[in-house]
Asks: 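Can you keep this structure in mind? I'll have questions shortly.
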Amino acid sequence: MSRLQTTTLLCVVAIALSLIFATGCGWKGEPVPEHIDTGDTDTAYNDLTYTAVTGNATVISAIAANLKGYINTSEGYKEATQEVGFLISREKSNPMRADADNENAEDGLVKCIKIDEVDDDHSIKTRIFGLIPFTRFYFRTYAIMADGKVLHGVAKSFMTQNLTISLIDPPTRIGLFDADLAMDLGGLASGDYGTTAKLYVRCADATIESPTSPISEAAYDTKTEASATESETRFSANVGNLTPGQQYSVMAYVDVVSDFYNYDTDNPCSNGVFKYGVEAQAVRTDKFKSNTISLAANALTGIRAFTGESAEVDYDKVLVSDCYFTLPSDTLDASEYGIMLSTDEEFAADSTRTCTSGTALRTGNRYDISVNNLRLKTTYYYKAYVIVRGVKFTSQTVCTFSTKDYTPYAIDLGLSVQWADKNVGAWSKSAAGAYYAWGEVSQKDQYTDETFAGAGLNVTSIGGTAVDIATVRYGDGWRLPTPDEVKELFLNCTWKWTTSGGVYGYEITGDNENKIFIPACGFKMRDEVEDYNSTGYYWTSERGESSTGLGQVIDMYFREGMKSDESKLPLHTCNPALGLCIRAVYTK
């Protein structure tokens, strides 16, 4: 063949090949964009008409990554596909779309990320969160075509970054009651923090072995969420409610929420696992913890408490006046103040009672405090205290007082029972003594339905029981009188309206000439005594008939002129929440 013939044949072959490729040889789809490096993307040609191309993972952090892929179709994307997106798995190196629908797949969890829009260059993309730090993940692009056929791109993998946490020592600022902390966090990209990972600071007055290890209930323990600063890698947190002068251990750690965490294989031990919600679980946070640093809150100085030396003793209660405290700054205030009361001069714990003052502070942070229900004939020691920001400061001055024994004498009036010569709590026969609600065994500041804590409606009699104040104070044999015993006192003795010690009341004389005096001391409602020096109200041991409110209790009731008409017995009913005096009876 001549050189001319050879040249002509080569030209014909070249033109024929050119025409074949120009018509596509069956290829009807869009070509892969020129900017894609096909050597890196490992395009999978499932069909000469359609392709699903897996791109590279980029901007990989500890918990997130950008995924990109391409979907090529011979017609419009909307018409050609039912669904497009990405498949990603931690354990399955070749994730398939069918695996994502099988939640019980033994070969690993596959997560399906559906994408709604395809860009003009046929690309799809997303940023996936909830990954596990320092872990390999496998992913690929997929498409479900209009006819139901599933196309998969070539599977690829990437490794997430590790999380690093460094708690800065010393802290940025240490105050009396709080401290500002700083920490550096590595492994997260911009915008990742707060999505599926959060940074916390844990502070305790015990050594921390792990952020998930238990700390005794007696130890102070708090968890504070950190916030990002402008640098996005430096974080800050404020730990509050510190006790001045107390030493603390501080640790920072990250909670990571991940759908890819396998509880059974990653952490067979249940200790130290945090669960978030129902679907997602968190990885073990002690994998991502910082160093532990020590923190000593500043000592609080300049706060002192002073004990008031004035103690006015009234039977089973005392009024301590003019206690006060000092504060070094106007920014501080007291959350509680009062006295510590004890029968032991050393204030042993089992004998010490903390009594909080309910009165408002006067000028100079002065206050008074009333304490009820004291023991008879007992020496007490007391000192003032004040609590500021959770710290209790006690006075160096200890004062003392003693209660008296006002035990009554039993007077025989020739009746079925003997009557006390004075009221419960009274130091003389004309004194009112103490006021009590029915079925209560201590005095109080307010006598109302709301403060009533005495015997219930189902109790008809309390004589000689644990809620009979006469029995409680004086012991066996002493109790409240019954209505019949009051009636006996009225009908079988002489009653004379008179005064004793400047107080009106009845002098009652038996047939044997023995006498008692019962003062007209009124009753106490709220914090005021009413009808004093004109009417007497004394509890009996029995309830009357009533179905309203707290019910009614029978009381001994008298006023001037009662004895002139013996058809009017000294009995009526009264609200049990009111404070009435007590005149006890004694049975041998």
Side-chain angles (χ1 to χ4, degrees), residues 32 36-47 50-72 81-115 118 122-145 148-163 187-189 192 195-197 256-268 279-284 287-288:
V32 175
I36 296 179
D37 185 347
T38 55
D40 292 335
T41 56
D42 293 332
T43 302
Y45 293 94
N46 304 95
D47 188 279
Y50 308 105
T51 60
V53 182
T54 304
N56 290 327
T58 58
V59 194
I60 302 170
S61 71
I63 63 168
N66 288 345
L67 304 183
K68 191 172 185 178
Y70 297 87
I71 305 296
N72 292 309
T81 62
Q82 300 181 34
E83 178 182 309
V84 297
F86 299 94
L87 302 170
I88 185 168
S89 176
R90 175 186 173 188
E91 299 178 9
K92 189 174 178 62
S93 61
N94 191 34
M96 306 294 286
R97 179 62 182 83
D99 296 328
D101 295 329
N102 183 7
E103 296 181 356
N104 299 317
E106 297 181 356
D107 51 358
L109 174 67
V110 174
K111 184 175 182 180
C112 175
I113 307 169
K114 299 177 183 179
I115 305 299
V118 175
H122 307 281
S123 66
I124 58 173
K125 54 183 176 291
T126 187
R127 183 162 183 80
I128 180 172
F129 295 97
L131 305 180
I132 301 175
F134 205 60
T135 301
R136 180 165 296 282
F137 286 89
Y138 303 91
F139 76 102
R140 72 193 320 172
T141 307
Y142 80 93
I144 301 179
M145 309 310 294
K149 185 178 180 180
V150 181
L151 308 183
H152 295 89
V154 170
K156 293 188 173 184
S157 69
F158 63 89
M159 191 81 175
T160 53
Q161 295 189 39
N162 197 13
L163 272 177
L188 295 186
D192 285 355
T195 54
T196 57
V256 178
V257 181
S258 177
D259 291 331
F260 297 96
Y261 177 67
N262 188 319
Y263 176 80
D264 294 324
T265 59
D266 290 331
N267 187 21
E279 298 179 356
Q281 296 182 4
V283 298
R284 285 186 59 177
K287 291 182 180 179
F288 317 113

Asks: Using ring-ring contact (aromatic ring centres under 6.0 Å, His included) as the criterion, list what pairs up with Tyr142, not counting sequence neighbours.
Replies: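 Result, ring-ring contact (aromatic ring centres under 6.0 Å, His included) vs Tyr142: none returned.
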
Asks: How long is the straight-line distance from CD1 of Ile71 back to CG of Leu151, given to the nearest 0.5 Å?
Replies: 7.5 Å

Asks: Check salt bridge (charged side-chain N to carboxylate O under 4.0 Å, His left out) between Arg136 and all other residues, then give those that pass, not counting sequence neighbours.
Replies: none

Asks: Flag the pair Phe137 / Leu67 as yes when at least one side-chain heavy-atom distance between them is below 4.5 Å, and no otherwise.
Replies: no

Asks: Which value, rounded to the nearest 0.5 Å, describes the distance between Glu91 atom CD and Thr135 atom OG1?
Replies: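 Going from CD on Glu91 over to OG1 on Thr135, the span is 10.5 Å.
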
Asks: Under the 3.5 angstrom rule, does the side chain of Thr196 hit a backbone N or O of Val256 as a donor-acceptor pair?
Replies: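 No; zero donor-acceptor contacts below 3.5 Å.
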
Asks: Please report, to 0.1 Å, the donor-acceptor pairs under 3.5 Å made by any side chain of residues 59-66, with sequence neighbours excluded.
Replies:
{"unit_1": "Ser61", "atom_1": "OG", "unit_2": "Ile63", "atom_2": "N", "d": "3.3"}
{"unit_1": "Ser61", "atom_1": "OG", "unit_2": "Ala64", "atom_2": "N", "d": "3.1"}
{"unit_1": "Ser61", "atom_1": "OG", "unit_2": "Ala64", "atom_2": "O", "d": "3.3"}
{"unit_1": "Ser61", "atom_1": "OG", "unit_2": "Asp192", "atom_2": "OD2", "d": "2.6"}
{"unit_1": "Asn66", "atom_1": "OD1", "unit_2": "Arg127", "atom_2": "NH1", "d": "2.9"}

Asks: Any chance you could measure Arg140, atom CZ, to Arg97, atom CZ, to the nearest 0.5 Å?
Replies: 13.0 Å

Asks: In Å and rounded to the nearest 0.5 Å, what is the OH to OG1 distance from Tyr70 to Thr51?
Replies: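 If we round to the nearest 0.5 Å, Tyr70:OH and Thr51:OG1 are 11.5 Å apart.
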
Asks: Measure the CZ-CE distance between Phe134 and Met159 for me, rounded to the nearest 0.5 Å.
Replies: 4.5 Å

Asks: Grab the two heavy atoms, one from Leu131 and one from Ser258, that are nearest each other, plus how far apart they are.
Replies: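 Result for this residue pair: C-OG, 4.2 Å.
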
Asks: Find out whether Lys92 and Leu87 are in side-chain contact, i.e. whether some heavy atom of one side chain is under 4.5 Å from a heavy atom of the other.
Replies: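 SC-SC contact between Lys92 and Leu87 ruled out.
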
Asks: The criterion is side-chain hydrogen bond (donor to acceptor under 3.5 Å, both in side chains); which residues satisfy it with Lys125, sequence neighbours excluded?
Replies: Asp119

Asks: Heavy atoms, side chains only, cut-off 4.5 Å: are Phe139 and Thr54 in contact?
Replies: yes

Asks: Give a yes or no answer on whether the side chain of Thr141 reaches the backbone of Ala52 with a donor-acceptor pair at less than 3.5 Å.
Replies: no

Asks: Distance check, rounded to the nearest 0.5 Å: Ile115 atom CD1 versus Glu83 atom CD?
Replies: 10.0 Å

Asks: Could you tell me which non-hydrogen atom of Ala143 sits nearest to which non-hydrogen atom of Val84, and how far apart they are?
Replies: CB-CG1, 3.8 Å

